[in-house]
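Notes follow once the structure below has been shown.
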Amino acid sequence: MLDLGISKMALIGAVALVVIGPEKLPRVARTVGALLGRAQRYVADVKSEVNRAMDLEELKKMKESVEQAGREVEQSIHKAQAEMDAQWRSTKAALQGAGHAPDAHAAGGSDEEDAWPPPPQYRHPGKKWRLRRSATPQWFKARAGVRRQVQSGAARMVRYRPKKR
């Protein structure tokens, strides 16, 4: 900030001692120190805010470049897929025109129907463990000692303490 050497600081201190007086000098020095601390904190806050803004700007630029690269990759994939489909159709047409069609195609089936079998259907297993568990009568659970509630350690000790004679 300021270029103050030791000699300049000593001169300022001597002038302050003469002007302010030795009684008020510690209080003034404390006030000046507090003000300098506030100023330094303010400067640090401004610097951190500027750095955050710069980082945010860099992240936005990086996001845009990644999105652009993703769009380019997607376009190249669509282009390659379209070329592959066109080649497949031309090859299939050439094979069918030359009489090299497979038996399924000669019977009149389409490629999409014969190429893959249909995926298996989901079937629910039919287990109703919640119903079976809750269908047990409460008196049976009590007799069998099935825990229904959480019990503290102290309560458990009282429950299993040997009975007095």
Side-chain angles (χ1 to χ4, degrees), residues 1-6 8-9 29-160:
M1 288 172 78
L2 300 174
D3 188 23
L4 297 175
I6 296 177
K8 290 181 183 178
M9 292 290 281
R30 251 180 292 164
T31 306
V32 169
L35 291 175
L36 282 175
R38 283 186 192 168
Q40 286 178 345
R41 282 193 297 274
Y42 178 73
V43 168
D45 287 345
V46 169
K47 280 184 181 179
S48 68
E49 194 66 35
V50 168
N51 286 339
R52 267 192 234 122
M54 289 172 55
D55 289 343
L56 185 62
E57 200 62 38
E58 289 176 11
L59 285 175
K60 284 181 181 177
K61 288 179 184 176
M62 189 181 302
K63 177 186 170 193
E64 290 173 1
S65 65
V66 167
E67 286 176 349
Q68 180 65 24
R71 278 189 233 109
E72 290 174 3
V73 167
E74 185 179 8
Q75 289 173 357
S76 66
I77 287 173
H78 286 303
K79 184 178 178 182
Q81 182 182 9
E83 291 173 0
M84 185 73 122
D85 287 343
Q87 281 182 340
W88 176 253
R89 283 191 205 103
S90 65
T91 305
K92 187 173 82 169
L95 286 175
Q96 285 179 350
H100 295 289
D103 294 332
H105 297 298
S110 67
D111 282 342
E112 288 74 31
E113 293 173 1
D114 297 331
W116 299 99
Q121 291 290 74
Y122 174 74
R123 289 187 324 135
H124 192 275
K127 295 181 180 179
K128 299 177 182 174
W129 59 271
R130 283 192 180 103
L131 291 176
R132 276 189 279 148
R133 195 170 204 191
S134 64
T136 308
Q138 293 297 325
W139 63 267
F140 184 83
K141 287 183 181 180
R143 179 170 282 176
V146 176
R147 288 189 190 160
R148 296 182 313 154
Q149 297 172 339
V150 177
Q151 199 172 33
S152 70
R156 198 174 299 114
M157 289 192 60
V158 168
R159 183 177 179 191
Y160 293 113

Validation: residues 74-82 side-chain donor-acceptor distances under 3.5 Å, sequence neighbours left out:
residue : atom : partner : partner atom : Å
S76     : OG   : E72     : O            : 3.4
S76     : OG   : V73     : O            : 2.7

Self-check item: Flag if over 12 foreign heavy atoms under 6.0 Å of CZ, R147
Solution: no

Quiz item: Would you say I6 has more than 12 foreign heavy atoms packed within less than 6.0 Å of its CD1?
Solution: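 Atom CD1 in I6 is not crowded, with 12 or fewer foreign heavy atoms closer than 6.0 Å.
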
Quiz item: Going through the distances and angles, do K63 and V66 end up as a side-chain contact (heavy atoms from CB on, under 4.5 Å)?
Solution: CA-CA 5 Å; K63 177 186 170 193; V66 167; 5.8 Å; no

Practice problem: Search all heavy atoms of Q151 against all heavy atoms of R156 and return the closest pair with its distance. | Solution: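 The answer is O-NH2, 2.7 Å.
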
Quiz prompt | Partner set under side-chain contact (heavy atoms from CB on, under 4.5 Å) for A29, not counting sequence neighbours | solution = none

Quiz prompt | Spacing of CG belonging to D85 relative to CZ belonging to R89, to within rounding of 0.5 Å | solution = 5.0 Å

Side-chain donor-acceptor pairs under 3.5 Å in residues 41-52, sequence neighbours left out?
residue : atom : partner : partner atom : Å
S48     : OG   : A44     : O            : 3.4
S48     : OG   : D45     : O            : 2.8
E49     : OE1  : R52     : NH1          : 2.9
N51     : ND2  : K47     : O            : 3.4

